[in-house]
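Count residues from 1 along the sequence.
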Amino acid sequence: MTVTLADVAARARVSPATVSRVLNGNYPVAATTRERVLRAVDELDYVLNGPASSLAAATSDLVGILVNDIADPFFGIMAGAAQTEISGPEGSSGRARGEKLAVVCNTGGSPQRELTYLTLLQRQRAAAVVITGGALEDPAHIAAMSAKLARLADAGTKVVLCGRPPLPEGAPEARNGSVLAALTFDNRGGGRRLTEHLLTLGHRSIGYVAGPTERTTTRHRLEGHRAALAAAGVAGDQDRLTVHGPYTRSSGYDATRELLRRDPGLTAIVAANDTVALGACAAVRELGLRIPEDVSVAGFDDLPFSVDAVPALTTVRLPLFAAGARAGRLAMGKEDPPPGGIATIGSDLMTRGSTAPPRG
């Protein structure tokens, strides 16, 4: 049910006019009263009306694209591809031709900022929202996201998840269908194939540099890695041979040094993504070891720089551009949603010079 200005006034025990003054900031209001009104706004998740031009239509010409880090090629490629589809064909212009303004919202990986951007997009009556990348596996955040996506859908906003699994079964958005489509990457399958490749080469002592905990991408890739080890009967303390950290080069560097300190006999390092793998390569070389003669290194995503690394990086290719473009088409209604609203996008193993059989 839509929360009105009158509801906020009742909760704050003030008049609707006072609520309007607080929200518009155009009239002095006592600090205690202002605090009461803002608390009621937060508690009721009240959303102010957007521009008058947006109110004239069911939705505006705005489409939001949420990314963790626009400087990361993983997100930049998807966002760019989605934006191309959202902006319409070259030479088109105006609502009649379906052209819309795509705005990239950089969350910095902050769950609160993710929710804040969704609220801002709701206020602007965004026509669609594309949310990219893995999700935070925190019950409170899942509940908040579920409620937020449901409100967006109620207002007529299309929601598309790109490279992100649907919220868990039983969440409000799963029940009311507020997500138009979820395009999810096969991170488990890719992680398993990557480790199977190393096992086929003869590696049995393999360290793993994982992403941040409580992220779906981190868990799924690590599960694939460990499933391959278990199927091959490789024993060992896998928790000891796993180090978590951000998806950054410095994290890969620090984690790899720690792994080789724990077990100097490691013959391979699997990194959570290609950026992390670059840091792993730097750490291996700094320790006087050669790639792949002494230690093989593998990444994930097949970002543009991976083929230019020396040696070229063995990795798992995700079709980032194709996924982003499809998300853009779905957001614009140019393509029908997949059956059941969920599509799993496959991956390809790219074997290159950074992996080889272990010595001896």
Side-chain angles (χ1 to χ4, degrees), residues 65-79 105-118 130-146 148-149 160-169 171 173-174 179 182-192 194-195 207-227 238-239 241-252 254-255 270-280 298-303 315-316 318 320 323-324 327 342 344-345 347:
I65 305 173
L66 271 64
V67 301
N68 277 7
D69 182 4
I70 193 59
D72 184 338
F74 177 88
F75 295 100
I77 292 170
M78 286 191 290
C105 306
N106 197 73
T107 70
S110 165
Q112 186 55 51
R113 195 173 299 172
E114 184 175 62
L115 292 169
T116 297
Y117 276 131
L118 291 175
V130 177
I131 307 176
T132 65
L136 181 67
E137 296 188 303
D138 172 70
H141 184 64
I142 290 172
M145 280 291 290
S146 299
K148 194 69 69 178
L149 296 183
V160 179
L161 308 181
C162 183
R164 186 183 190 116
L167 292 176
E169 258 331 296
E173 66 89 15
V179 172
L183 308 179
T184 180
F185 293 131
D186 183 18
N187 285 308
R188 285 192 189 89
R192 179 165 185 153
L194 186 60
T195 299
Y208 192 92
V209 183
T213 57
E214 296 186 344
R215 288 281 174 181
T216 53
T217 301
T218 298
R219 179 169 62 84
H220 294 164
R221 293 181 182 183
L222 181 56
E223 286 175 351
H225 166 71
R226 292 186 173 178
Q238 295 307 317
D239 287 336
L241 297 180
T242 301
V243 176
H244 287 269
Y247 288 115
T248 62
R249 182 185 183 279
S250 60
S251 173
D254 293 339
V270 176
N273 71 3
D274 294 341
T275 302
V276 173
L278 289 186
F300 208 111
D301 294 335
D302 195 28
L303 298 178
T315 184
V316 174
L318 294 179
L320 300 174
I342 301 172
T344 300
I345 300 174
S347 58

Keeping Thr132 on the side-chain end and Leu66 on the backbone end, is there a donor-acceptor pair under 3.5 Å?
yes
Within a strict 4.5 Å, meaning less than it, do heavy atoms of the Leu167 and Val179 side chains meet?
no
Roughly how far, to the nearest 0.5 Å, is the OG1 atom of Thr195 from the CZ atom of Arg221?
12.0 Å
Treating Thr218 as the side-chain partner and Ala210 as the backbone partner, does any N or O pair qualify as donor plus acceptor under 3.5 Å?
no
About how many Å separate CG of Asp301 and CG of Leu318, when rounded to the nearest 0.5 Å?
5.0 Å
Could you pull out the closest heavy-atom pair between His220 and Pro165, with the gap in Å?
CE1-CG, 4.3 Å
Who passes ring pair (Phe, Tyr, Trp, His ring centres under 6.0 Å) against Tyr208, sequence neighbours left out?
His225
Between atom CG of Leu118 and atom CD of Glu114, what is the distance when rounded to the nearest 0.5 Å?
6.0 Å
Go through the structure and list residues passing salt bridge (charged side-chain N to carboxylate O under 4.0 Å, His left out) with Arg188, not counting sequence neighbours.
Glu223
Sub-3.5 Å donor-acceptor pair from the side chain of Ser251 to the main-chain atoms of Tyr247, do we have one?
no
Any donor-acceptor pair under 3.5 Å from Asn187 side chain to Thr217 backbone:
no
Can you name the closest pair of heavy atoms from Pro166 and Leu161 and give their distance?
CA-CD1, 3.9 Å
Scanning both residues in full, the closest heavy-atom pair of His141 with Pro111 reads CE1-O, 3.3 Å
When rounded to the nearest 0.5 angstrom, what is the spacing between CG in Asp186 and CD1 in Ile345?
10.5 Å
Do Thr216 and Glu137 have side chains that get closer than 4.5 Å, going by heavy atoms?
yes
Tell me whether Arg226 is salt-bridged to Asp239, with the criterion being a basic N under 4.0 Å from an acidic carboxylate O.
yes
Under a 4.5 Å cut-off applied to non-hydrogen side-chain atoms, are Leu303 and Leu320 in contact?
yes
On a heavy-atom basis, the closest approach of Gln238 and Thr242 is O-OG1, 2.7 Å
Just how far is it from atom CG of Asp302 to atom CD1 of Ile77, taken to the nearest 0.5 Å?
9.0 Å
How about Arg215 and Leu136: do any of their side-chain heavy atoms sit closer than 4.5 Å?
yes
Determine whether Phe74 and Val67 make a side-chain contact, defined as any pair of heavy atoms from C-beta on separated by less than 4.5 Å.
no
CG on Asn273 to OG1 on Thr315, rounded to 0.5 Å
8.5 Å
Measure the shortest side-chain to side-chain distance between Ile131 and Met145 over non-hydrogen atoms and say whether it is less than 4.5 angstrom.
yes
Taking Phe300's backbone N and O only, do any of them form a donor-acceptor pair with Asp274's side chain (distance below 3.5 Å, no angle check)?
yes
For Ala227 and Arg192, which heavy atoms make the closest approach, and how far apart are they?
CB-NH1, 3.7 Å
Looking at every heavy atom in both Gly299 and Ala277, which two are closest together, and how far apart are they?
CA-CB, 4.0 Å
Chi angles and distances behind the side-chain contact (heavy atoms from CB on, under 4.5 Å) call for Val209, Val243:
CA-CA 5 Å; Val209 183; Val243 176; 5.5 Å; no
